[in-house]
Amino acid sequence: MNVPIKTRAQIESIAPYVLGQSLEDIKQELGISHVYKMSENENTYGSSPNIKKSVIKSLDSLHLYPDGAVRELRANLAHFYSKDPSEFILGNGSDELIRLLTRTFISEGDEAVMVDVTFPRYQTNVIIEGGTPVIVPLVHGVHSLQNMKKAITNHTKMVFICNPNNPTGTIVGKDELLDFIEWVPANVLVILDEAYYEYVYTDDYLESLLLLHKHPNVVVLRTFSKIYGLASLRIGYGIAHPMIIEELLKVKEVFNANGLAQIAALAALEDQEFIRECSDKNASERKKMEKALDQLGLTYFPSQTNFIMVDTKKSGQHVAFELLKRGFIVRSGHLLGYPSMFRVTIGKPQENEAFIEALAQCMIGEE
Ligand SMILES: Cc1ncc(COP(=O)(O)O)c(C=O)c1O
């Protein structure tokens with residue numbers, strides 16, 4: 001039925017986000033008792049055990065509004081990164097910070113440069129505000145900053161660089177990114193989405209926080225959803241010059257970072273040993289997965305994250321369905337702009353071994 005209320009033109013052009021089925025539905029539909037969820041890039045090792053204690057302790061205060069200024073967490077983040085609390089803003093996931101950035105800075109007709117394919121929320125939020133996404137293709141799964149430079153005009157308000165990029169897992173080289181930031185006009189925001197920052201295992205990665213003083217047009221986004229394992233609580237943060245943060249604070253909902261999320265994030269941030277362990281284990285599993293994929297004769301983008309985008313050279317959707325029948329949920333590439341590929345989240349050693357075995361069966365079945 002058509003609802004007789006006209007939607008804003010911008011909203012009409014947005015395709016709905018395709019969410020995966022629930023685990024229970026999948027089990028029932030396929031008649032299987034166990035499924036491995038390897039589709040959302042969550043931390044397979046969960047979150048720090050310290051978090052549970054803090055959250056349980058805070059359950060008596062559910063009737064109270066949270067601290068709208070998120071003072072303690074901003075102070076602790078500032079201490080952790082040797083910065084000032086005025087350089088931080090918390091959000092309902094880093095997803096919300098993307099929305100706050102476009103809400104605050106994009107006016108009708110402004111352009112925002114981004115790659116294809118990348119995290120889809122940049123494009124959606126720019127469109128919602130009446131801006132124009134200017135799309136630059138990835139080159140072998142990697143941002144081409146040279147081509148992004150060419151796409152910047154007098155109308156450009158912001159540039160999104162997803163580093164590492166979702167869904168390809170690739171990073172932009174350190175010198176290339178530094179050169180780009182030095183080159184970009186000071187009235188263009190450079191938004192570095194570093195949701196997978198803690199998984200990066202190479203020296204060729206720019207430590208962007210060191211640039212913020214010299215480049216007040218740079219905004220860095222990070223999250224507690226990925227390696228910190230708090231995806232369900234929804235908390236992420238932006239780091240930028242206090243002038244930028246002040247503008248974003250005007251636009252945010254007063255209580256956008258919920259109380260349990262704040263408590264959990266404080267405990268999570270404290271347990272850096274857990275983060276290091278997860279990052280180490282992930283890097284080692286990533287290597288093993290890559291080797292196993294090599295042995296299967298499959299190619300993939302070089303990942304610095306907890307996921308890998310694999311080329312089946314056939315229908316990624318079909319292989320994803322074959323994997324699903326064997327109890328492994330991956331994200332099919334047809335939803336991500338790469339029809340012959342799928343994206344798989346790196347799991348624990350045993351899960352990965354079982355996954356590779358299932359993938360090998362699927363690929364033989366495909367011959
Ligand atoms: C690149 C990237 N940015 C941002 C987000 C949003 O994360 P959250 O809102 O959970 O912090 C995600 C989540 O998948 C992501 O992959």
Side-chain angles (χ1 to χ4, degrees), residues 17-20 37-44 46-47 70 73 77 88-103 112 114-126 133 138 141-143 158-172 177 190-200 205 208 219-240 248 252-253 256-258 260-262 264-265 268-269 275 282 301 303-309 329-333 335-338 342-346:
Y17 186 85
V18 183
L19 285 165
K37 189 175 172 217
M38 302 174 93
S39 52
E40 305 279 357
N41 308 337
E42 294 143 333
N43 185 350
T44 189
S47 50
V70 203
L73 184 52
L77 281 167
F88 290 83
I89 179 167
L90 275 297
N92 187 38
S94 55
D95 228 347
E96 190 199 11
L97 294 161
I98 298 165
R99 192 172 58 75
L100 286 180
L101 282 160
T102 56
R103 190 84 265 238
M114 63 195 74
V115 291
D116 183 42
V117 184
T118 190
F119 191 54
R121 302 301 297 167
Y122 314 145
Q123 180 165 0
T124 305
N125 282 294
V126 169
L138 290 170
V142 181
H143 284 66
M158 53 180 63
V159 179
F160 287 96
I161 299 175
C162 190
N163 195 34
N165 188 41
N166 181 7
T168 55
T170 54
I171 59 155
V172 181
L177 183 53
V190 180
I191 300 163
L192 302 174
D193 183 344
E194 298 182 347
Y196 300 93
Y197 166 79
E198 297 84 358
Y199 285 114
V200 174
Y205 185 75
S208 55
V219 179
V220 177
L221 302 182
R222 293 193 184 162
T223 183
F224 285 99
S225 295
K226 302 298 175 185
I227 206 164
Y228 284 92
L230 298 181
S232 172
L233 283 177
R234 313 301 305 126
I235 187 149
Y237 55 103
I239 317 164
L248 298 173
K252 82 171 185 77
E253 303 291 334
N256 67 328
N258 78 76
L260 290 184
Q262 291 189 35
L269 186 65
I275 302 303
N282 181 71
F301 290 125
S303 171
Q304 285 294 330
T305 61
N306 65 337
F307 58 86
I308 306 180
M309 190 92 187
I329 312 172
V330 297
R331 191 88 171 145
S332 166
L335 298 168
L336 303 169
Y338 286 103
F342 65 81
R343 189 191 67 196
V344 58
T345 305
I346 297 164

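Whatever order the structure lists ligands and atoms in, that order sets their numbers, starting from 1.
In this structure, the separation between CD on Glu96 and CG on Leu101 is 10.5 Å, given to the nearest 0.5 Å. For the atom pair CG of Leu97 and CG of Leu90, the computed distance is 8.0 Å after rounding to the nearest 0.5 Å. How far CZ of Phe88 is from CD1 of Ile239: 4.5 Å, rounded to the nearest 0.5 Å. From His143, atom NE2 reaches atom CG of Asp116 across 10.5 Å, with rounding to the nearest 0.5 Å.
Looking only at protein heavy atoms, the nearest one to atom 9 (O) of ligand 1 is Arg234 NH2, 2.7 Å. The protein heavy atom nearest to atom 7 (O) of ligand 1 is Ser94 OG, 3.4 Å. In this structure, the protein non-hydrogen atom closest to atom 5 (C) of ligand 1 is Phe119 CZ, 3.3 Å. Nearest non-hydrogen protein atom to atom 13 (C) of ligand 1 is Lys226 NZ, 3.2 Å. The protein non-hydrogen atom at the shortest distance from atom 3 (N) of ligand 1 is Asp193 OD2, 2.6 Å.
Against a heavy-atom cut-off of under 4.0 Å, Asn166 is close to the following atoms of ligand 1: 1 (C), 15 (C), 16 (O). Close contacts between ligand 1 and Ser225 involve ligand atoms 8 (P), 10 (O), 11 (O) [criterion: under 4.0 Å to a heavy atom]. The contact set between ligand 1 and Gly93, taken as ligand atoms under 4.0 Å from a residue heavy atom, comprises 8 (P), 9 (O), 11 (O).
Distance alone, capped at 3.5 Å, is enough to place a donor-acceptor pair between the Asp193 side chain and the Ala195 backbone.
Ile227 pairs in a side chain to side chain contact (heavy atoms under 4.5 Å, CB included) with only one of the listed residues (Asn43, Asn306, Thr305), which is Asn43.
You'll find the ring centres of Tyr199 and Phe307 outside the 6.0 Å limit.
An N or O contact shorter than 3.5 Å links Asp95 to ligand 1 by distance.
Neither the backbone nor the side chain of Phe224 has a heavy atom within less than 4.0 Å of ligand 1.
Both the sub-6.0 Å distance and the 45° axial angle are not jointly satisfied by Arg222 relative to the ring of Tyr237.
Under a 4.0 angstrom heavy-atom cut-off, Cys162 registers as being in contact with ligand 1.
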